[in-house]
Amino acid sequence: MVTKRPNPKKDKSARRRRPAPPPLASSHAGIDGAALTAATLTDGLVLASGVRIRMAQVGDLETVQRLIASTGSGVNLENRLADAMADGRLGTAVMKGLAEGEEALTYEMAVAASPEGEGSVDDLIIGLSCILVADHPSHGVVGALLALPPARVLSNLGIPEMEALAGLLKIIKLNAVAVEPTHRSGGIAAALIATCRQLYSQLRYLLLYGQFSARSGLDAYYRRQGLTVLREGQGVKLTMFSVPAGIYTDPSERFFACDL
């Protein structure tokens, strides 16, 4: 992954208003336009199949690690995220934001930036990250999604330090989504992606993006999820900062993105 400032005359199609994420097949809270809450995301959003889309719990760690590693994309659950999941720190700011509103995230950012050392940027990143799982009533966890703020990318954009920090509350990267082979084609991955989009949209994020191998053939799939697949070599244009900036990758990968 490399980052640089784009030519402002290019990439005009990188960020346009995207269609709403596809609805999940349930009348549970959080579906059909109803707001997600910390409670419903803990209990799970129920699909027609009985599968629950919920926040990952400590007991899911081993399965989540295996599923994310199985994507073949080279993405693994980093040790710091695995440790945070094991001790309950992962996603704490996300859940606080759902319970108290987006102002709670602004407060968490202020704590992370405090010179008194009350918190750290790493703590903020962990708190803003989330792992969603698909919990089958008979087979346990059969799918997982990892989303986190792209902190390293933002720090290399050449924008002011405080803007890069604020960017952690504006941009989320869908780092990986995986479903057990025997449970694919049942809408589980689509439900995980839709829930992720709704979650960060409620938290007033502006952009979700991800990347995939240019030879994987996944472009059609991501388009079906209402995501815009960028051309090979096309970067994700970032318009929320005071200077022109964009995220670029090497020629072997492509981006997908959507406004939230």
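- Rounded to the nearest 0.5 angstrom, Leu203 CG and Ile172 CD1 are separated by 9.0 Å.
- Looking at heavy atoms from C-beta onward, Phe241 lies in side-chain contact with Leu154 at the 4.5 angstrom threshold.
- Leu145 places none of its side-chain heavy atoms less than 4.5 Å from the side chain of Ile53.
- Under the 4.5 Å side-chain criterion, counting only non-hydrogen atoms from C-beta, Leu36 is in contact with Leu45.
- Nearest heavy-atom pair, Ala56 versus Met85, reported as atom, atom and distance to 0.1 Å: CB-CE, 3.6 Å.
- Looking only at side-chain heavy atoms (C-beta outward), Met240 and Glu163 stay at 4.5 Å or farther from each other.
- Under the 4.5 Å side-chain criterion, counting only non-hydrogen atoms from C-beta, Met55 is in contact with Cys130.
- Residue Val141 forms a side chain to side chain contact (heavy atoms under 4.5 Å, CB included) with just one option from Glu62, Gln57, Arg54, and that option is Arg54.
- Heavy-atom minimum distance, Arg254 versus Val229: NH2-CG1, 3.5 Å.
- Leu165 CG to Lys170 NZ: the interatomic distance, rounded to the nearest 0.5 Å, is 10.5 Å.
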inquiry  = Would Leu77 and Leu61 count as a side-chain contact (heavy atoms from CB on, under 4.5 Å) here? Give the steps.
reply    = CA-CA 9 Å; Leu77 190 64; Leu61 178 56; 3.7 Å; yes
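- Summarising the geometry, atom CD belonging to Glu78 is positioned 7.5 Å from atom CG belonging to Asn175; distances are rounded to the nearest 0.5 Å.
- Between the CG atom of Leu169 and the CG atom of Leu128 there is a distance of 6.0 Å, given to the nearest 0.5 Å.
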query = Should Leu168 and Val121 be marked as a side-chain contact (heavy atoms from CB on, under 4.5 Å) after you check the CA-CA gap, both sets of side-chain angles, and the distance that decides it?
reply = CA-CA 9 Å; Leu168 299 176; Val121 173; 4.1 Å; yes
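- Pairing each heavy atom of Arg89 with each of Arg80, the nearest pair is NH2-O, 4.5 Å.
- Between Tyr200 and Leu208, the closest side-chain pair of non-hydrogen atoms is not below 4.5 Å.
- Remark: the Asp250 side chain and the Ser252 side chain contain an N/O donor-acceptor pair separated by less than 3.5 Å.
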ask   = Do Arg215 and Glu232 pass the salt bridge (charged side-chain N to carboxylate O under 4.0 Å, His left out) test, and can you show the C-alpha distance, the side-chain angles, and the key distance before you say yes or no?
value = CA-CA 11 Å; Arg215 297 183 178 85; Glu232 292 185 33; over 6 Å; no
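- To the nearest 0.5 Å, atoms CD1 (Ile193) and OG1 (Thr195) are separated by 10.0 Å.
- When every heavy atom of Gln225 is checked against every heavy atom of Ala190, the shortest pair comes out as OE1-CB, 3.0 Å.
- Using a 4.5 Å heavy-atom threshold, the side chains of Ile188 and Arg184 count as separate.
- When side chains are defined from C-beta on, Ile126 counts as touching Leu81, because their heavy atoms get closer than 4.5 Å.
- Ile68 and Ala176 get closest at one heavy-atom pair: CG2-CB, 4.0 Å.
- Residues passing the ring pair (Phe, Tyr, Trp, His ring centres under 6.0 Å) test with Tyr222, sequence neighbours excluded: Phe212, Phe256.
- A donor-acceptor pair under 3.5 Å links the side-chain atoms of Ser70 to the main chain of Leu67, judged by distance alone.
- Counting all heavy atoms, side chain and backbone alike, Ala144 lies closest to Leu192 at N-CD1, 3.8 Å.
- Put simply, CG on Asp43 and CG on Asp135 are 11.5 Å apart, with the number rounded to the nearest 0.5 Å.
- Val58 and Leu132 fall into different hydrophobic clusters, where Ile, Leu, Val, Met, Phe, Trp and Tyr are joined by side-chain heavy atoms under 4.5 Å apart, directly or via other members.
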Could you give the side-chain donor-acceptor pairs of residues 95-106 under 3.5 Å, partners two or more places apart or in another chain?
from   : atom 1 : to     : atom 2 : distance (Å)
Lys96  : NZ     : Glu108 : OE2    : 2.9
Glu102 : OE2    : Arg204 : NE     : 3.4

